[in-house]
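Worksheet: one structure, shown below.
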Amino acid sequence: MLQTNKTEKDEKTIDFTLASSKNLLLIFTRNPELGKGKRRLAATVGDECALNIYKFLLEHTVDITSKLYAEKTVYYSEEIWKDDIWKNTIYDKKVQQGKDLGQRMANAFKDGFERGFEKIIIIGSDMYDLDQEDLENAFKHLAQNDFVIGPAEDGGYYLLGMKKLMPELFENKNWGTASVLKDTLADLKDEKTKLLEIRNDIDHYEDIKDVPVFAPFLKHITK
């Protein structure tokens, strides 16, 4: 009984600390619907398989973020789903606003800073090659730097963090191409920036074909 009381007290303390946290994690996600999203992956594995893989990646993203020591906001692509894997008690929920990815990210960061957060990091929801410790380390690096960026193998980035809003990071970029990281780093050349380890995000069949955890999804693919 004493142990139970201690556990309850610890949980309440953690909840209070999170409520007053100045760290914010933004999670950009697509509403998981058949025939939408992961189009380049679906071209090889099919729509249903691509959807199942994306749902698996969403579950992984929940696993690595739900206990993270930060406030968390999920930004949906289409509409807010109130009763889904993103628990309302853990995640704030909003809809992405803007004509392209850059504008949508810029608006999300702007909203976060206007809400009083001091360190803000954004990630997508298709990174199997990422865990909670990676996110914790990113926030730690952001304490010592103004910007932190996680380079993706395809020439983009899987994580971006900042302590001040820099609108030009979201302008004049060819989103979804191999030039995004290079152009972003050019904008940051005079800023105190920490580069994280290169990681692999999942857009194509080649990104997962040799990763054992995805093998059950790919049984129908003939080699």
Side-chain angles (χ1 to χ4, degrees), residues 21-30 38 40 57-58 60-65 68-75 77 94 96-204 207:
S21 172
K22 294 298 184 181
N23 292 350
L24 173 63
L25 179 70
L26 306 173
I27 303 167
F28 264 38
T29 182
R30 285 187 175 274
K38 290 296 165 205
R40 289 172 290 183
L57 292 171
L58 289 176
H60 174 73
T61 308
V62 169
D63 288 342
I64 67 172
T65 61
L68 183 69
Y69 207 58
E71 289 282 349
K72 296 168 275 282
T73 300
V74 176
Y75 272 89
S77 60
K94 296 177 180 287
Q96 299 170 27
Q97 303 289 337
K99 62 182 180 180
D100 63 16
L101 177 59
Q103 194 174 87
R104 294 194 292 270
M105 288 194 294
N107 287 333
F109 272 101
K110 182 174 182 289
D111 178 75
F113 284 120
E114 288 177 348
R115 290 160 59 194
F117 291 100
E118 297 174 354
K119 295 192 288 292
I120 305 177
I121 286 174
I122 191 168
I123 60 170
S125 49
D126 57 358
M127 284 292 300
Y128 185 73
D129 194 17
L130 199 64
D131 59 30
Q132 181 177 327
E133 186 177 0
D134 293 324
L135 299 176
E136 291 169 349
N137 287 334
F139 274 114
K140 289 176 183 177
H141 287 305
L142 195 53
Q144 306 299 324
N145 299 272
D146 291 326
F147 297 88
V148 60
I149 190 164
E153 289 183 358
D154 62 5
Y157 56 78
Y158 61 86
L159 180 152
L160 176 66
M162 61 182 70
K163 287 194 293 195
K164 60 181 180 179
L165 185 61
M166 190 172 178
E168 52 264 49
L169 295 182
F170 308 107
E171 301 169 352
N172 303 313
K173 304 290 187 299
N174 293 317
W175 301 106
T177 70
S179 65
V180 172
L181 177 65
K182 175 176 66 70
D183 293 342
T184 302
L185 291 176
D187 292 333
L188 293 170
K189 66 182 188 316
D190 297 323
E191 303 290 340
K192 191 174 182 182
T193 304
K194 172 65 178 181
L195 275 179
L196 305 177
E197 293 181 6
I198 297 175
R199 296 293 170 88
N200 180 40
D201 56 4
I202 294 173
D203 290 312
H204 301 88
D207 297 326

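Everything numeric here is computed off the predicted structure, so don't read it as measured data. For this chain, numbers begin at 1 and follow the sequence in order. Reckoned from all heavy atoms, side chains included, excluding hydrogens, waters and symmetry mates.
- Annotation: salt bridge (Lys or Arg N to Asp or Glu O under 4.0 Å) contacts involving residues 138-167, sequence neighbours excluded, comprise Lys164-Glu191.
- Not counting sequence neighbours, the partners of Asn23 by the side-chain contact (heavy atoms from CB on, under 4.5 Å) test are Ser21, Ala70, Lys119, Phe139.
- Under the rule for a side chain to side chain donor-acceptor pair (under 3.5 Å), Glu171 has no partner lying at least two apart in sequence or in another chain.
- For Lys94, the salt bridge (charged side-chain N to carboxylate O under 4.0 Å, His left out) partners two or more places apart in sequence, or in a different chain, are Asp111.
- One distance of note links CG of Asn200 with CG of Asp207; it measures 4.5 Å at 0.5 Å rounding.
- The shortest side-chain heavy-atom distance between Ile149 and Phe147 does not fall under the 4.5 Å cut-off.
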Anything under 3.5 Å between a donor and an acceptor, one on a side chain of residues 120-128, the other on a protein residue two or more places apart or in another chain? List them.
{"unit_1": "Ser125", "atom_1": "OG", "unit_2": "Phe28", "atom_2": "O", "d": "3.2"}
{"unit_1": "Ser125", "atom_1": "OG", "unit_2": "Thr29", "atom_2": "OG1", "d": "3.4"}
{"unit_1": "Ser125", "atom_1": "OG", "unit_2": "Tyr54", "atom_2": "OH", "d": "2.7"}
{"unit_1": "Asp126", "atom_1": "OD2", "unit_2": "Lys38", "atom_2": "NZ", "d": "2.6"}

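- For Gln144, there are no side chain to side chain donor-acceptor pair (under 3.5 Å) partners two or more places apart in sequence or in a different chain.
- In terms of heavy-atom proximity, Met162 sits nearest to Leu160 at CE-CD2, 3.9 Å.
- Under the salt bridge (charged side-chain N to carboxylate O under 4.0 Å, His left out) criterion, Glu133 pairs with no residue, sequence neighbours left out.
- Between the side chain of Asn145 and the main chain of Leu142, no donor-acceptor pair closer than 3.5 Å is present.
- The CD1 atom of Ile198 sits 8.0 Å away from atom CG of Leu181, with the distance rounded to the nearest 0.5 Å.
- A heavy-atom distance below 4.5 Å is found between the side chains of Ile64 and Leu130.
- Looking at Asp100 and Lys173, no side-chain N of the basic residue comes within less than 4.0 Å of a carboxylate O on the acidic one, giving no salt bridge.
- The closest side-chain heavy-atom distance from Glu118 to Phe113 is not below 4.5 Å.
- With hydrogens and angles ignored, the 3.5 Å screen pairs a side-chain donor or acceptor of Asp134 with a backbone N or O of Asp131.
- Rounded to the nearest 0.5 angstrom, Glu168 CD and Asp183 CG are separated by 13.0 Å.
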*I would like to know whether Thr65 and Leu25 meet side chain to side chain contact (heavy atoms under 4.5 Å, CB included); could you show each step before the answer?*
CA-CA 9 Å; Thr65 61; Leu25 179 70; 3.7 Å; yes

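- Across all non-hydrogen atoms, the minimal contact from Met166 to Asp187 is CE-O, 3.1 Å.
- Between Leu165 and Ala106, the closest heavy-atom pair is CD1-O, 4.3 Å.
- Partners of Lys192 under the salt bridge (charged side-chain N to carboxylate O under 4.0 Å, His left out) rule, at least two apart in sequence or in another chain, do not exist in this structure.
- Note that the CG atom of Leu24 and the NZ atom of Lys72 stand 9.5 Å from one another [nearest 0.5 Å].
- Nearest heavy-atom pair across Tyr158 and Glu197 is OH-O, 2.6 Å.
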_Let's go through His141 and Leu196 carefully: what are the C-alpha distance in whole Å and the side-chain angles of both, what is the deciding distance for side chain to side chain contact (heavy atoms under 4.5 Å, CB included) to 0.1 Å, and is it a yes or a no?_
CA-CA 9 Å; His141 287 305; Leu196 305 177; 3.7 Å; yes

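- Partners of Asn174 under the side-chain contact (heavy atoms from CB on, under 4.5 Å) rule, at least two apart in sequence or in another chain, are Thr177, Ser179.
- Asp129 is linked by a side chain to side chain donor-acceptor pair (under 3.5 Å) to nothing, counting only residues two or more places apart in sequence or in another chain.
- For residues 163-200, the set of pairs meeting the ring-ring contact (aromatic ring centres under 6.0 Å, His included) definition, not counting sequence neighbours, comprises Phe109-Phe170.
- Here the side chains of Arg104 and Tyr75 are not in contact, with every heavy-atom distance at 4.5 Å or above.
- Partners of Arg30 by side chain to side chain donor-acceptor pair (under 3.5 Å), not counting sequence neighbours: none found.
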